[in-house]
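A short write-up of the structure that comes next.
As the structure is a computational prediction, the values presented were derived from the model and not from experiment. Atoms within each ligand, like the ligands themselves, are counted from 1 in listed order. Note: hydrogens, waters and symmetry copies are ignored here, and every other heavy atom, side chains too, is used.
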Amino acid sequence: MTRAPLAPFPALRMRRLRQADWIRRLVRETTLTPADLIWSVVVHDGEGKVPVASMPGMSRLSIPDLAAAAREARALGIPALAVFPFIDGVHKDALGAHAADPENLVARAVAAIKDAAPEVGVICDVALDPFTDHGHDGVIENGRILNEATVERLVAQALMQARAGADVLAPSDMMDGRVGALRQALEAEGHTDVMIMSYAAKYASGFYGPYRDAIGSGKLGTGSVENPADKKTYQMDPANTNEALREVALDIAEGADMVMVKPGMPYLDIVQRVSEAFAVPTFAFQVSGEYAMLMAAAQNGWLDEERVILESLSAFKRAGAAGVLTYFAPRAARMLGA
Ligand code: PBG
């Protein structure tokens, strides 16, 4: 048998370590386990499960369904749930005042999870958009999202969530100084153990589209000066990468225990840079649009659903993420043989 010489190292064959499953497993550089997953769930105030059209296979959960999900997470070894509320229109206003109401859906959802499975961590989104009638994450004046006025409301919302029993507060609003303000308010009220996972590098992304469906926050404004149609004055420009490092550095200095990059797959370079540059756990959010893309292609028979779910999640581990927020969490955990 003759073979072409593999110059300059005739004995170097990369395929040797790929020849069988046992050796592939042995030399695998990263592993994905259920402990890497944070299950993002949308909760609503009605009964039963309400499918989200733009997110096939995803439903808004009632409070009892959410309790069941918490028990399922525990059984599957998923460490935590991230809760997002679908708020009824009657509770929305320009200021998002209902966000800090101690009887609101989020407060009841946290209590239900803690009651059903106290071992499962609860992460609450700190942001006003589910509660504002305009869908922005802050207080608006003449078309400007006011930073300080918004931070004040975020602090009220976060304190309510901490009192309700949330383990982790995850500010997703991108106002300046909100992590420091939250930390200070938490300490002042004795919530010293409540953790902050900041959405530190959050981009003004088109990939959040289906989420707006899921939480019913409608279409953003008309695009007029008074009514901005995007979040570009507070979320990051998708073209930027150094800016992400500055955002993360600031959030850590202000007291964030963990940071997040969002969206996930289109921003894997940012996940890698952040996780290399800072010694804090870095998470990635596989957002609604990423979920929708994979599911739409799979439903057309264009992608092998189970394969791409696990492959997309493994990519985050390879990039250095400590874990991933994902709507696929229970499915992935089951596939991983939990
Ligand atoms: C709100 C918030 C958003 C998401 C999580 N929190 C949307 C946005 O900022 O417009 C997106 C989640 C997803 O798309 O899965 N502050």
Side-chain angles (χ1 to χ4, degrees), residues 37-43 52-61 81-87 92 96 99 105-106 109 123-140 145 147 150-151 153-154 157-158 161 166 168-175 178-179 182 196-221 228-238 247 251 259-267 283-296 312-313 316 324-329:
L37 307 172
I38 294 170
W39 182 358
S40 15
V41 288
V42 176
V43 59
V52 178
S54 53
M55 298 179 73
M58 234 291 286
S59 294
R60 295 177 199 134
L61 304 180
L81 257 53
V83 181
F84 300 92
F86 173 94
I87 299 297
K92 297 192 190 203
L105 178 60
V106 174
I123 303 173
C124 283
D125 210 56
V126 182
L128 300 178
D129 61 329
F131 302 93
T132 54
D133 50 18
H134 44 70
H136 278 285
D137 294 43
V139 177
I140 307 188
I145 313 296
N147 198 85
T150 300
V151 169
R153 291 188 170 268
L154 294 171
Q157 175 183 32
Q161 293 169 342
V168 180
L169 304 182
S172 71
D173 55 288
M174 292 299 278
M175 295 302 118
R178 91 278 208 217
V179 172
L182 252 55
I196 297 179
M197 176 190 286
S198 73
Y199 287 69
K202 174 167 178 178
Y203 287 86
S205 171
F207 287 98
Y208 309 143
Y211 173 85
R212 308 185 60 77
D213 255 6
I215 69 154
S217 69
K219 212 172 124 44
L220 279 176
D230 59 54
K231 300 187 175 183
K232 291 178 185 170
T233 68
Y234 44 110
Q235 299 178 347
M236 280 181 56
D237 183 339
E247 281 283 5
D251 282 6
V259 296
M260 195 202 301
V261 173
K262 178 187 179 189
M265 205 151 71
Y267 295 84
F283 290 82
F285 198 145
Q286 184 179 53
V287 300
S288 56
E290 298 173 63
Y291 177 97
M293 278 196 306
L294 295 180
M295 289 302 290
S312 65
L313 292 171
F316 295 110
V324 192
L325 287 92
T326 175
Y327 301 94
F328 287 125

Heavy atom under 4.0 Å from ligand 1: found in Phe285's side chain, backbone, both, or neither?
-> side chain
Under 4.0 Å from ligand 1, counting heavy atoms only, is it the side chain of Asp173, its backbone, both or neither?
-> neither
Check whether any heavy atom of [X] sits under 4.0 Å from an atom of ligand 1.
X: Asp137; answer: yes
X: Lys202; answer: yes
X: Tyr327; answer: yes

Out of Lys262, His136, Gln235, the nearest non-hydrogen contact to atom 5 (C) of ligand 1 is supplied by Lys262
Kindly identify the option in Ser288, Gly289, Gly209 whose heavy atom sits closest to atom 13 (C) of ligand 1.
-> Ser288
Could you check Tyr211 against Tyr327 for side-chain contact (heavy atoms from CB on, under 4.5 Å), going step by step and ending with a plain yes or no?
-> CA-CA 11 Å; Tyr211 173 85; Tyr327 301 94; 3.6 Å; yes
Do the numbers put Lys202 on top of the ring of Phe285, so that NZ or CZ is under 6.0 Å from the six-membered ring centre and no more than 45° off the axis?
-> no
Over all heavy atoms of both residues, which pair between Ala109 and Val43 is shortest? Give the atoms and the distance, please.
-> CB-CG1, 4.1 Å
Say whether, by atom type as modelled, one donor and one acceptor occur between the side chain of Arg60 and the main chain of Ile215 under 3.5 angstrom.
-> no
So, Gln286 side chain and Ser312 main chain: donor-acceptor pair closer than 3.5 Å or not?
-> no
Identity and distance of the protein heavy atom lying nearest atom 1 (C) of ligand 1 = Asp129 OD2, 2.9 Å
Only one of Asp129, Thr233, Leu220 forms a side chain to side chain contact (heavy atoms under 4.5 Å, CB included) with His136, so which one is it?
-> Leu220
Ligand-residue contact atoms, ligand 1 with Lys231, heavy atoms, under 4.0 Å = 8 (C), 9 (O), 10 (O)
Per-atom contacts, ligand 1 versus Ala127 - under 4.0 Å to a heavy atom = 16 (N)
Does Tyr199 reach ligand 1 with a nitrogen or oxygen that is under 3.5 Å from one of the ligand's nitrogen or oxygen atoms?
-> no
